[in-house]
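Structure first, commentary second.
So that the names make sense, note that chain A is the first sequence line, chain B the second, and so on, each numbered from 1. Keep in mind that this is a model prediction, so the values were computed, not measured.
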Number of protein chains: 2
Amino acid sequence: MKIVIVGGVAGGASAAARARRLSESAEIILVERGSDPSFANCGMPYYVGGTIESRDKLLVSPVERLRQRYQLDVRIRESVESIDRKAKQVTIKRLDTGEEYTESYDKLILAPGAAPFRPPIPGIDLPGIYTLRNLDDADRLASATREAKRAVIIGAGFIGIEMAENLVHRGLETAVVELNTQILPPWDAEMIAPLETLLLEKGVSLHLGTQASEFRQAGDHLEVVLSNGEVLPADFVVLSIGVRPENMLAVNAELNVAQRGGIQVNAHQQTNDPDIYAVGDAIEVTEVVSGTPVQIPLAGPANRQGRIAADHIFGRDSKYRGTQGTAIVGLWKHGAAMTGLSEKVCQRMGLEYEKVYLHPGSHAGYYPGAKGMSIKVLFDPKSGRLLGGQIVGTESIDKRTDVLAMAIQAGMTVEDLEEAELCYAPQYGSAKDPVNMAGFIAAGAMRGDQPVAHSTALVQGELDDALLLDVRTPQEFADGAIDGAKNIPLDELRDHLDDLPKDQPIVAYCKVGQRGYMATRILLEHGFQARNLSGGYTTYMHVTATQPS
Amino acid sequence: MKIVIVGGVAGGASAAARARRLSESAEIILVERGSDPSFANCGMPYYVGGTIESRDKLLVSPVERLRQRYQLDVRIRESVESIDRKAKQVTIKRLDTGEEYTESYDKLILAPGAAPFRPPIPGIDLPGIYTLRNLDDADRLASATREAKRAVIIGAGFIGIEMAENLVHRGLETAVVELNTQILPPWDAEMIAPLETLLLEKGVSLHLGTQASEFRQAGDHLEVVLSNGEVLPADFVVLSIGVRPENMLAVNAELNVAQRGGIQVNAHQQTNDPDIYAVGDAIEVTEVVSGTPVQIPLAGPANRQGRIAADHIFGRDSKYRGTQGTAIVGLWKHGAAMTGLSEKVCQRMGLEYEKVYLHPGSHAGYYPGAKGMSIKVLFDPKSGRLLGGQIVGTESIDKRTDVLAMAIQAGMTVEDLEEAELCYAPQYGSAKDPVNMAGFIAAGAMRGDQPVAHSTALVQGELDDALLLDVRTPQEFADGAIDGAKNIPLDELRDHLDDLPKDQPIVAYCKVGQRGYMATRILLEHGFQARNLSGGYTTYMHVTATQPS
Ligand SMILES: Cc1cc2nc3c(=O)[nH]c(=O)nc-3n(C[C@H](O)[C@H](O)[C@H](O)COP(=O)(O)OP(=O)(O)OC[C@H]3O[C@@H](n4cnc5c(N)ncnc54)[C@H](O)[C@@H]3O)c2cc1C
Ligand SMILES: Cc1cc2nc3c(=O)[nH]c(=O)nc-3n(C[C@H](O)[C@H](O)[C@H](O)COP(=O)(O)OP(=O)(O)OC[C@H]3O[C@@H](n4cnc5c(N)ncnc54)[C@H](O)[C@@H]3O)c2cc1C
Ligand SMILES: CC(C)(COP(=O)(O)OP(=O)(O)OC[C@H]1O[C@@H](n2cnc3c(N)ncnc32)[C@H](O)[C@@H]1OP(=O)(O)O)[C@@H](O)C(=O)NCCC(=O)NCCS
Ligand SMILES: CC(C)(COP(=O)(O)OP(=O)(O)OC[C@H]1O[C@@H](n2cnc3c(N)ncnc32)[C@H](O)[C@@H]1OP(=O)(O)O)[C@@H](O)C(=O)NCCC(=O)NCCS
C-alpha cells in the first residue's frame with residue numbers, strides 16, 4: 001500500500017500517524033509545502049504575543065520523530081502541483097529548486113487546509129500586510145511586533161481577536177476592523193457584547209460595521225482606509241477575514257467541490273474518486289444539528305477526519321459524523337464558547353426555535369471565587385431538542401459548553417438537561433449546575449410554566465403593548481432600569497396585585513431572570529397574562545449594547 | 001392542597017419552593033428540626049476551615065425569604081415525631097417546649113436526610129467527639145478548632161477528607177483513620193493513591209486498614225485506640241464514617257424501607273403510600289448503569305427529587321431517572337471526580353468490564369500551564385458501553401467527568417467518545433481532548449488494536465510469563481523501572497525485533513502508555529504477541545503505592 005498525503009499538519013499528519021499504526025509495511029509519503037509539518041497552528045497567536053516563548057514548543061511532532069518513529073517519508077518544502085487520477089500519480093515540485101517529479105499512489109489523501117482570504121482591494125500586496133497561517137508567518141509577525149507601535153487587524157473572527165489580545169500584550173496600539181456589527185460573528189451579537197466592552201477596556205479600538213477599502217503607504221507606515229471614510233495609521237496590518245479551502249488540486253482533478261469551495265466527501269472522507277480522500281479545512285462537512293453542508297475550519301474535526309481516512313484505507317468502517325461547530329476562544333481571562341446553531345443561523349434557515357438566557361455563577365455562591373457567566377440555549381419549542389448553546393464568561397465556560405455539546409451529540413432535549421447528573425462540590429459547581437438551570441428554564445418555557453419574553457423583541461418595539469414590571473429592589477431600580485418600567489419588588493408583589501391590569505400583557509424582569517420568573521409564576525397563578533424577560537436586565541443591557549445608537 | 005414537608009434543607013426546601021411556584025394557593029408547611037432551614041451542608045467543612053468566612057454565607061435561602069417570597073409556613077426547631085397514615089396527619093414536637101401537636105396533610109413529603117453513623121464503641125459519647133451534619137455542628141467544630149492542636153478524623157470519605165484539609169488550614173495536627181486500605185472508598189484504590197501522597201505531604205498522618213476501637217479521656221485530651229493497637233492523642237475527634245437514612249418515621253408508619261435502610265419510592269418519589277413522597281439521602285435510588293438499588297447521598301439528586309415530588313403532587317408526570325454517582329471532592333488544588341461504576345463495584349456485581357488508563361494534560365502541552373491528570377475509564381468490552389469514569393488531578397477534572405457523565409446518561413459507547421466534538425483552544429483543551437483520547441484508547445482495546453495489560457494483574461503475578469518491555473529512553477529507564485523489564489527505546493525497536501521472542505507474550509510499557517501503544521502496534525504488525533501496559537509506569541506506580549508493603 002502506497003499512500004501519498006498532501007499537507008502535513010492537523011489532518012495530514014494525523015492520517016499519516018494513524019496509517020502507520022495500522023500498517024508497518026505501508027509506504028507513507030507526507031508532502032508539506034511549508035518548512036514545518038505537524039505544528040500547532042492554534043498556538044501561533046500566543047507565540048506572536050510571547051505567552052508561548054519558544055517556536056520549538058509549536059512543533060508538535062518534529063520532523064525527525066515523524067521520520068523515525070512513524071517511518072514517514074516526510075518531504076518538506078515540496079508542493080503537490082497536480083493529480084493525474086487515471087495514472088494515479090501526483091506531480092510534486094521541490095520549492096527550493098523548482099524541480100518537479102511525479103509520485104504514484106494507491107491512495108491519496110488531500111489535507112491542504114484553507115488559505116487566509118486576501119480580498120482584491122488596492123494596496124493589498126504592500127509589504128507589512130500579514131496573514132497568519134504557518135510558522136513562517138508567525139515568525140514574520142513576531143518580529144514585526146518588536147519594531148512596531150501601531151497595528152490594525154482586519155477581521156474580528158477567532159484569529160483576529162486572539163491577535164488583538166496578543167498585540168496588546170506586546171504593547172501595541174491595536175485597532176480591529178470588522179464588517180459585521182459585532183466581533184466573533186459565529187456567536188450572536190448580544191452574547192458577545194461583553195467581550196467588545198473588554199476589548200475597549202484593554203485599549204483596543206473597535207471599528208465595527210465597516211471594512212478596509214484601501215491600504216496605502218504613508219511615509220514610514222501604512223494607512224488603512226475604511227469604507228466609512230476613517231483612515232487608520234498602522235506599522236503593520238494583520239489580515240484575518242476568514243479562510244478559503246485550498247481546492248485547486250481537487251478542482252483541477254475534477255473532484256466534486258461545493259460552491260463555497262469545500263471538497264465534497266462521504267462519511268469515510270472519500271471524494272468522488274474512491275482512491276482519493278480529503279480531510280480538514282479543505283472539505284465541506286455536514287452540520288450535525290441541521291444536516292446542512294457547511295465549511296467549519298476546526299482542529300479537532302481535522303484530526304479526527306485524518307484518522308478516519310486512514311482507517312478506511314485499511315478496511316475499517318469508521319465514519320465521520322459531521323461537525324457541530326463546538327468552538328471556544330479565550331480573551332485575557334475571559335472567553336466565549338459555543339456549540340451547535342446560533343440564533344442567527346436558526347433564523348437564516350427558517351428553523352423554529354425558542355431561546356433562554358441565564359447568568360449563573362461558575363460554582364456555589366457561598367464558596368469564594370465564583371464568577372458569573374452568561375448562557376444562551378436554543379431549542380426546538382415543540383420537542384425540546386437542543387439546537388445550540390453559547391456561553392461567555394471567565395470560569396468553566398468550556399465545561400458547560402462541553403456538556404451541552406455532548407447533549408447535542410446525543411440528540412438530547414432540554415428536559416434531559418434538567419435531569420443531568422453532574423459533579424458537585426462547592427469549589428466546582430452547584431447542586432443545580434448551570435446546565436441543569438438552563439434545562440429548568442428552557443423546559444419551563446417549553447411547558448408554559450415560564451413563558452418568556454425577549455429583550456431583542458423589546459428593543460424592536462414588539463412588546464410595546466406590555467406593562468413592564470421591574471421586580472427588583474427600589475435601590476436596584478434607581479440604579480438603572482428599562483424605560484417605562486413600573487417597580488414592584490418581588491417580595492411585595494402579592495400585596496400589589498390590585499394595582500396591576502388583568503387585560504394587558506405583563507413582562508416581568510429582574511437582574512438575571514430568577515425573581516422575574518417567580519413574579520411570573522405569582523402573576524400567572526393569579527390570572528394575569530405574564531411573561532418573564534429572559535436573562536433579565538443583564539441580557540437587556542447586552543442587547544442594547546449591540547444596538548447602533 | 002395542604003402539603004407537609006419533613007426536613008427543610010436540600011430535598012425539602014427544593015420541594016417546597018417548587019410547590020409554591022406551581023401553586024399560589026397551596027398550604028405548604030416546612031418542618032425542620034434544626035435551627036436553620038435551607039443551608040449549604042456542602043460548604044460546612046470550608047466554614048470550619050475558614051475559607052468561607054461567615055456562617056451567614058451558608059444560609060442559602062434565609063428563613064425570612066422562605067416565609068415571605070415562597071409563602072412557606074416554616075417551622076424550625078420542630079420535629080415530626082410520627083405519621084398517622086389513616087388519619088393523614090403527623091405529630092409534631094416543638095423542641096424548645098417539648099409540646100406536641102398534630103397537623104393534617106393532603107400530601108406528605110419526607111426529606112429527613114441521613115444521620116452520621118455513630119458506631120457503638122466504648123467512649124463514643126465522650127465530649128469532644130463530633131459529627132458534622134448541620135450548622136450547629138459546624139459552629140461547634142469551628143470553635144473546637146480554635147483551641148485545639150491535634151485532631152483525629154475517623155473515616156476518610158468525602159467529609160473526612162474535606163475536614164482533613166480544613167483542619168490543616170487551621171493549623172491542627174491531623175490524623176485520619178480509615179478501615180479501608182484507601183481513602184475515598186467510592187474510587188478505586190490506584191486512582192486515589194496520589195491524593196494519599198498529597199495528604200502525607202501536607203502533614204496529615206494516615207492510618208489505613210484500621211479502625212477506632214475505643215475513645216477514652218486522658219487528662220485534658222482524648223485518646224483514640226485503634227484496632228491495630230496504636231493510640232492517637234486528640235483534642236477532638238471528627239466522626240465521618242458514613243451516614244444512615246433517617247427512616248424511623250417511615251419504618252414506624254410501615255412504609256417500605258430497604259434492608260440498607262433507604263425508604264423505597266417509585267420514579268415519582270412516591271412511597272407505597274401514594275400520598276407520601278420521600279426524597280434525598282433518606283431514600284434508596286436505582287443506580288443507572290447497573291440498575292441496582294443503592295444509597296447514594298448527594299445534593300444534586302436530593303434537589304431534583306424534591307422538585308419531582310412537588311411536580312407529581314401537582315399532576316405532572318416528572319420522573320427521577322436514577323442516580324449514577326457523579327461526584328467530586330477537592331483537596332487543596334487537587335481533586336478526585338467520578339461517575340458511574342468503579343472497578344470494584346463492577347467486580348462485586350460480576351459485570352464483564354475492561355478498563356484503560358491515561359494521563360493527559362489539562363490543555364495543549366505547547367501552551368503554558370497545562371497540568372497532568374489521571375483518567376480511568378471502565379466499559380463493556382463487547383458493546384463498548386461506558387460503565388464508569390474516574391479522574392484525579394488539579395485542573396478541569398470536573399469538566400472531563402461531566403462529559404463522561406453525560407455520555408453515560410446518553411448510553412454512549414467508547415466509540416462515541418472517539419467522535420465527541422468538544423471545545424478546543426490551547427488554553428482550554430487539546431484538538432484531541434482527553435475524553436477523545438480515552439475513547440481512542442478504550443475503543444482500540446475493544447477492537448484489539450491495542451490489547452491492554454494491567455498493572456493490577458502484573459503486581460498480582462498474573463503476567464509472570466510475559467516479557468516486560470520498557471520502551472522509554474535509557475535515562476528514563478535508569479531513573480526507575482519495573483523489575484525485570486528489558487529496555488529497548490521505542491525509536492530503536494524496529495532495529496531490535498530479532499532480539500525479541502515470538503513465542504512469549506510481550507507487555508510493552510512507557511511512562512503513560514502512548515509509546516507503549518506505538519510499540520505494541522509495531523510488535524503486533526510483526527507477528528509478536530504484544531500488549532500495552534495501560535497507563536504505563538505512571539499507573540504502575542499508583543498501583544504499587546496501594547499494595548501493602
Ligand atoms: C492562527 C490560527 C489559530 C487557530 N486556532 C484554532 C483553535 O483555537 N481551535 C481550533 O479548533 N482551530 C483553530 N485553528 C484552525 C485549525 O488550525 C485548523 O482547522 C486545522 O489546522 C486544519 O487542519 P488541516 O490539516 O485541514 O490544515 P492545516 O493544518 O492548515 O494543514 C494544511 C497544510 O497543507 C499544506 N499544503 C497545502 N497545499 C499543499 C500542497 N499542494 N502541497 C503540499 N502541501 C500543501 C499547507 O502548507 C499546510 O501546512 C486555528 C488556525 C490558525 C491559523
Ligand atoms: C459536611 C457535608 C458535606 C457535603 N458535601 C457534599 C458535596 O460536596 N456534594 C454533594 O453532592 N453532597 C454533599 N453532601 C451531601 C448533601 O448535603 C446531601 O446529600 C443533601 O443535603 C441531602 O439532602 P436531604 O434533603 O436529603 O437531607 P438534608 O439536607 O440533610 O436535610 C434533612 C433535614 O431534615 C431534618 N429532619 C430530619 N428528620 C426530621 C424530622 N423528623 N422532623 C423535622 N426535621 C427533620 C434534618 O434536621 C435536616 O436538616 C455533604 C453533606 C455534608 C454533611
Ligand atoms: C500529532 C500528530 C502528528 C498525530 O499523531 P498521533 O500519534 O495520531 O496523535 P497523538 O500523539 O495525539 O496520539 C494519539 C494516538 O495515541 C494513542 N494514545 C495516546 N495516549 C495513549 C495512552 N496513554 N495509552 C495508549 N494509547 C495512547 C491514541 O489512542 C491514538 O492512537 P489511535 O489513533 O491509533 O487510536 C498530528 O495530529 C499533528 O501533527 N498535530 C499537530 C497539528 C494540529 O493538530 N494542529 C491543530 C491543533 S493546534
Ligand atoms: C434554594 C432552595 C430553597 C430551593 O429553591 P429554588 O427556588 O427551587 O431553587 P433556586 O433558587 O436554585 O432556583 C431554581 C428555580 O429558579 C428558576 N430560575 C433560576 N434562575 C433563573 C433565571 N435566570 N431565569 C428564569 N428562571 C430561573 C429555575 O427554573 C428553578 O425553577 P423551577 O424549579 O420552577 O424550574 C433549596 O434548594 C435549598 O434549600 N438549597 C440549599 C440546601 C442544599 O441544597 N444543600 C445541598 C447543597 S449545599
Subject >> For Ser54(B), side-chain contact (heavy atoms from CB on, under 4.5 Å) partners two or more places apart >> reply: Asp56(B), Lys57(B)
Original post:
Which bit of Arg400(A) comes within less than 4.5 Å of chain B, counting heavy atoms only: side chain, backbone, both or neither?
Top reply: neither
Original post:
Got a donor-acceptor contact below 3.5 angstrom from the His363(B) side chain to the Pro368(B) backbone?
Top reply: yes
Subject >> Structural part of Thr339(A) lying under 4.5 Å from a heavy atom of chain B >> reply: neither
Original post:
Taking atom types as modelled, is there a side-chain donor on Tyr46(A) or Glu165(A) under 3.5 Å from an acceptor on the other?
Top reply: no
Original post:
chain A heavy atoms under 4.5 Å from Leu523(B): which part of the residue, side chain, backbone, both or neither?
Top reply: neither
Original post:
Given that the side chain runs from C-beta out, which part of Arg18(A) has a heavy atom under 4.5 Å from chain B: side chain, backbone, both or neither?
Top reply: side chain
**OP:** Report the option among Arg521(A), Glu492(A), His526(A) that has the most heavy-atom pairs separated by less than 4.5 Å from atoms of chain B.
**Re:** Arg521(A)
**OP:** Would you mind telling me which of Gln324(B), Gln427(B), Arg494(B) has the largest number of heavy-atom pairs within less than 4.5 Å of chain A?
**Re:** Arg494(B)
Original post:
In terms of heavy-atom pairs under 4.5 Å with chain B, which of Cys42(A), Ala425(A), Gly300(A) leads?
Top reply: Cys42(A)
Original post:
Is there a donor-acceptor pair under 3.5 Å between the side chain of Glu24(A) and the backbone N or O of Glu525(B)?
Top reply: no
**OP:** Specify which of Cys423(B), Gly43(B), Ala299(B) makes the most heavy-atom pairs with chain A at under 4.5 Å.
**Re:** Cys423(B)
Original post:
Got Phe440(A) and Gln450(A) here, is their nearest side-chain heavy-atom distance under 4.5 Å?
Top reply: no
**OP:** With a 4.5 angstrom heavy-atom cut-off, could you sort out which part of Tyr428(A) is near chain B: side chain, backbone, both or neither?
**Re:** both
**OP:** Measure from the side-chain N and O atoms of Ser23(B) to the backbone N and O of Ser25(B), and report whether any donor-acceptor pair falls under 3.5 Å.
**Re:** yes
Original post:
Which one of Gln68(B), Arg21(B), Met518(B), Met412(B) has the most heavy-atom pairs closer than 4.5 Å to chain A?
Top reply: Arg21(B)
**OP:** Tell me, for Ile391(A) versus chain B, whether the close heavy atoms (under 4.5 Å) come from the side chain, the backbone, both or neither.
**Re:** neither
Original post:
Of all heavy-atom pairs between Ala310(B) and Leu22(B), which one has the smallest distance, and what is that distance?
Top reply: O-CD1, 4.0 Å
Original post:
With a 4.5 angstrom heavy-atom cut-off, which part of Leu490(A) approaches chain B: side chain, backbone, both or neither?
Top reply: side chain
Original post:
Given the rule in the side-chain contact (heavy atoms from CB on, under 4.5 Å) test, do Thr401(B) and Met338(B) qualify, once you have shown the distances and angles that lead to the verdict?
Top reply: CA-CA 6 Å; Thr401(B) 305; Met338(B) 70 178 287; 5.6 Å; no
**OP:** Pick one of side chain, backbone, both or neither for Met406(A), based on which atoms fall under 4.5 Å of a heavy atom in chain B.
**Re:** both
Subject >> Which portion of Arg304(A) sits near chain B, non-hydrogen atoms under 4.5 angstrom >> reply: side chain
Original post:
Can you list the residues that meet the side-chain contact (heavy atoms from CB on, under 4.5 Å) rule with Ser430(B), with sequence neighbours excluded?
Top reply: Ala364(B)
Subject >> For chain A, the option from Ala10(B), Ala40(B), Ser318(B) that forms the most heavy-atom pairs under 4.5 Å >> reply: Ala40(B)
Subject >> Proximal to chain B - members of residues 325-334 of chain A, heavy-atom separation under 4.5 Å >> reply: Gly325(A), Thr326(A), Ala327(A), Ile328(A), Val329(A), Gly330(A), His334(A)
Subject >> Top contributor to chain A contacts, counting heavy-atom pairs under 4.5 Å, from Asp449(B), Leu524(B), Asn436(B) >> reply: Asp449(B)
Subject >> Side chain / backbone / both / neither for Leu493(A) at chain B, heavy atoms under 4.5 Å >> reply: neither
Original post:
Which atoms form the tightest heavy-atom contact between Ala336(A) and Leu184(A), and what is the distance?
Top reply: CB-CD1, 4.4 Å
**OP:** Name all pairs fulfilling the salt bridge (charged side-chain N to carboxylate O under 4.0 Å, His left out) condition that reach into residues 320-330 of chain B, sequence neighbours left out, sorted by first residue then second.
**Re:** Asp416(A)-Arg321(B)
Original post:
Taking C-beta and beyond as the side chain, do Ile52(B) and Tyr367(A) meet within less than 4.5 Å on heavy atoms?
Top reply: yes
Original post:
Can you tell if the side chain of Val288(A) reaches within under 4.5 Å of the side chain of Gln409(A), non-hydrogen atoms only?
Top reply: no
Subject >> Interface residue of largest heavy-atom contact number with chain B, from Ala410(A), Pro426(A), Ala405(A), under 4.5 Å >> reply: Pro426(A)
**OP:** Let me know if Thr323(A) has heavy atoms under 4.5 Å from chain B in its side chain, its backbone, both or neither.
**Re:** both
Original post:
Between Arg20(A), Glu415(A), Lys432(A), which has the largest tally of heavy atom pairs under 4.5 Å with chain B?
Top reply: Lys432(A)
Original post:
Minimum heavy-atom separation for Gly389(A) to Leu404(A), with atom names?
Top reply: CA-CD1, 4.1 Å
**OP:** Measure Ile397(B) against the heavy atoms of chain A and call it side chain, backbone, both or neither at under 4.5 Å.
**Re:** side chain
**OP:** Indicate yes or no: does Glu418(B) engage Arg307(A) in a salt bridge with an N to O separation below 4.0 Å.
**Re:** yes
Subject >> Side chain, backbone, both or neither of Ser14(B) within contact of chain A (heavy atoms, under 4.5 Å) >> reply: side chain
Original post:
So, do Leu497(B) and Phe528(B) sit near enough that their side-chain heavy atoms are less than 4.5 Å apart?
Top reply: yes
Subject >> Greatest number of heavy atom pairs closer than 4.5 Å to chain A - which of Arg65(B), Glu53(B), Arg515(B), Glu162(B) >> reply: Arg515(B)
Subject >> Residue pair Ser38(B) / Leu66(B): nearest heavy atoms and the distance that separates them >> reply: CB-CD1, 4.0 Å
